[in-house]
Amino acid sequence: KRERSIEEEKRPSLLNRPSAPFESTPYGGPDELPNSSEGNIPTLNKNTSESALSLYEIKDGKIHIGDNIWIREEVWRKITSTTKDSLFVKEMAVALWGTATLQRRSVSGKECPTNRHSQKPPLTPSKLQVLRVCFSDWLKQKEPERGEREKREKQVGYYISPKIQDIIKKKGKMKMYN
């Protein structure tokens with residue numbers, strides 16, 4: 001077994017909790033997140049910095065996952081109970097951005113080589129970083145070799161991109177049937 005760093009020792013592990021049933025909620029609006037909230041739950045007083053919030057802190061049925069982003073505890077349990085890297089990243093992306101926002105964004109914001117007229121804005125860098133940190137912590141719980149873990153951590157964008165394409169395809173099929 002590998003040794004855990006002091007920083008890892010400080011973080012409470014929520015990754016091994018039993019999974020709860022998951023129900024997806026409808027998407028609310030362009031900047032509203034279906035399963036997470038930024039800055040509004042719980043409220044911080046003006047004298048409290050965000051660093052005072054500990055990672056994976058639980059309040060009011062929500063878990064702080066970093067950068068003052070909170071997601072519902074049952075959603076977090078479902079995400080962390082997955083066994084595949086790609087599922088963790090894809091479900092976390094949906095929890096952070098929601099499907100409507102994901103379909104209007106790209107991982108990097110670069111121009112599409114096949115359709116040069118549809119450049120999309122990139123995913124929010126701070127949320128992408130939160131996803132990367134959570135994924136890294138989740139991988140550490142799986143205890144792969146350090147080199148293997150680093151290799152797998154670099155796949156985040158590779159996992160999100162097909163998820164965005166799946167959402168776009170699903171939207172296209174829905175239009176055909178309506």
Side-chain angles (χ1 to χ4, degrees), residues 1-25 33-39 41-42 44 48-99 101-102 105-109 122-167:
K1 272 193 155 188
R2 67 177 183 81
E3 292 182 31
R4 295 179 71 180
S5 71
I6 294 172
E7 183 65 29
E8 290 173 317
E9 292 291 335
K10 290 180 188 175
R11 292 184 189 162
S13 174
L14 296 175
L15 303 176
N16 294 325
R17 288 187 173 192
S19 180
F22 173 73
E23 291 181 26
S24 99
T25 55
L33 302 173
N35 300 316
S36 66
S37 60
E38 291 183 84
I41 296 180
L44 296 172
T48 306
S49 69
E50 189 218 324
S51 61
L53 295 171
S54 63
L55 198 56
Y56 309 125
E57 177 181 339
I58 302 172
K59 281 190 182 176
D60 302 324
K62 295 190 179 215
I63 296 180
H64 178 246
I65 57 170
D67 201 29
N68 206 21
I69 299 173
W70 297 78
I71 63 173
R72 293 190 337 243
E73 189 174 1
E74 64 270 14
V75 173
W76 175 251
R77 278 195 242 132
K78 182 197 185 288
I79 292 168
T80 57
S81 69
T82 60
T83 57
K84 294 182 179 181
D85 297 356
S86 60
L87 287 175
F88 180 92
V89 172
K90 290 174 181 183
E91 291 190 22
M92 190 71 166
V94 171
L96 286 170
W97 286 282
T99 57
T101 299
L102 283 172
R105 303 280 184 115
S106 71
V107 175
S108 65
L123 294 172
T124 316
S126 59
K127 289 182 185 177
L128 192 55
Q129 182 59 33
V130 166
L131 190 149
R132 289 180 193 279
V133 169
C134 290
F135 182 53
S136 177
D137 289 347
W138 180 79
L139 281 175
K140 287 173 188 169
Q141 294 286 317
K142 305 290 180 193
E143 297 184 1
E145 296 285 324
R146 183 181 180 94
E148 176 68 19
R149 187 177 75 233
E150 289 170 356
K151 180 181 167 187
R152 290 164 69 179
E153 286 173 356
K154 291 179 181 177
Q155 300 295 309
V156 169
Y158 178 78
Y159 296 138
I160 296 174
S161 187
K163 180 62 179 179
I164 291 172
Q165 294 307 311
D166 290 345
I167 292 168

Nearest 0.5 Å, what's the [atom1]-[atom2] distance between [X] and [Y]?
X    : Y    : atom1 : atom2 : answer
I160 : L102 : CD1   : CG    : 7.5 Å
F135 : R149 : CZ    : CZ    : 11.0 Å
K90  : I167 : NZ    : CD1   : 10.0 Å
D137 : L55  : CG    : CG    : 6.0 Å
T101 : L123 : OG1   : CG    : 9.5 Å
M92  : W76  : CE    : CH2   : 4.5 Å

### Task
Take R132 and E153 through the side-chain contact (heavy atoms from CB on, under 4.5 Å) test and state the conclusion after the steps.
CA-CA 7 Å; R132 289 180 193 279; E153 286 173 356; over 6 Å; no

### Query
So do the side chains of I63 and R77 get within less than 4.5 Å of each other, counting heavy atoms only?
no

### Query
Looking at side-chain heavy atoms only, is the closest gap between W70 and K59 below 4.5 Å?
yes

### Task
Mark yes when over 12 heavy atoms from residues, nucleotides or ligands other than K151 sit less than 6.0 Å from its NZ; otherwise mark no.
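Counting neighbours around NZ of K151, 12 or fewer heavy atoms of other residues, nucleotides or ligands fall under 6.0 Å, so no.
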
### Task
Could you walk me through whether W97 and L128 pass the side-chain contact (heavy atoms from CB on, under 4.5 Å) test, one step at a time?
CA-CA 10 Å; W97 286 282; L128 192 55; 4.1 Å; yes

### Task
Anything under 30° is parallel, anything over 60° is perpendicular, the rest tilted; go ahead and classify W138 against F88.
parallel

### Query
Who are the salt bridge (Lys or Arg N to Asp or Glu O under 4.0 Å) partners of E150, not counting sequence neighbours?
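For E150 the salt bridge (Lys or Arg N to Asp or Glu O under 4.0 Å) partners, ignoring immediate neighbours, are R146.
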
### Task
Kindly write out the residues that satisfy salt bridge (Lys or Arg N to Asp or Glu O under 4.0 Å) with R152, not counting sequence neighbours, or none if the list is empty.
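Here the qualifying residues are D85.
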
#### Entry: Chi angles and distances behind the side-chain contact (heavy atoms from CB on, under 4.5 Å) call for Y56, C134
CA-CA 9 Å; Y56 309 125; C134 290; 3.9 Å; yes

### Query
Judged by atom type as modelled, is there a donor-acceptor pair below 3.5 Å linking the side chain of E148 to the main-chain atoms of E145?
no

### Message
I'd like to know if the side chain of R105 reaches the main chain of P122, judged simply by a donor and an acceptor atom lying under 3.5 Å from each other, with no hydrogens or angles considered.
### Response
yes

### Query
Which pair of non-hydrogen atoms, one from L131 and one from A93, has the smallest distance, and what is that distance?
CD1-N, 3.7 Å

### Message
Apply side-chain contact (heavy atoms from CB on, under 4.5 Å) to residues D67 and Q129 and explain how you reach the verdict.
### Response
CA-CA 9 Å; D67 201 29; Q129 182 59 33; over 6 Å; no

### Query
Any salt bridge between K78 and E74, counting N to O under 4.0 Å?
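No, no charged N to carboxylate O under 4.0 Å.
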
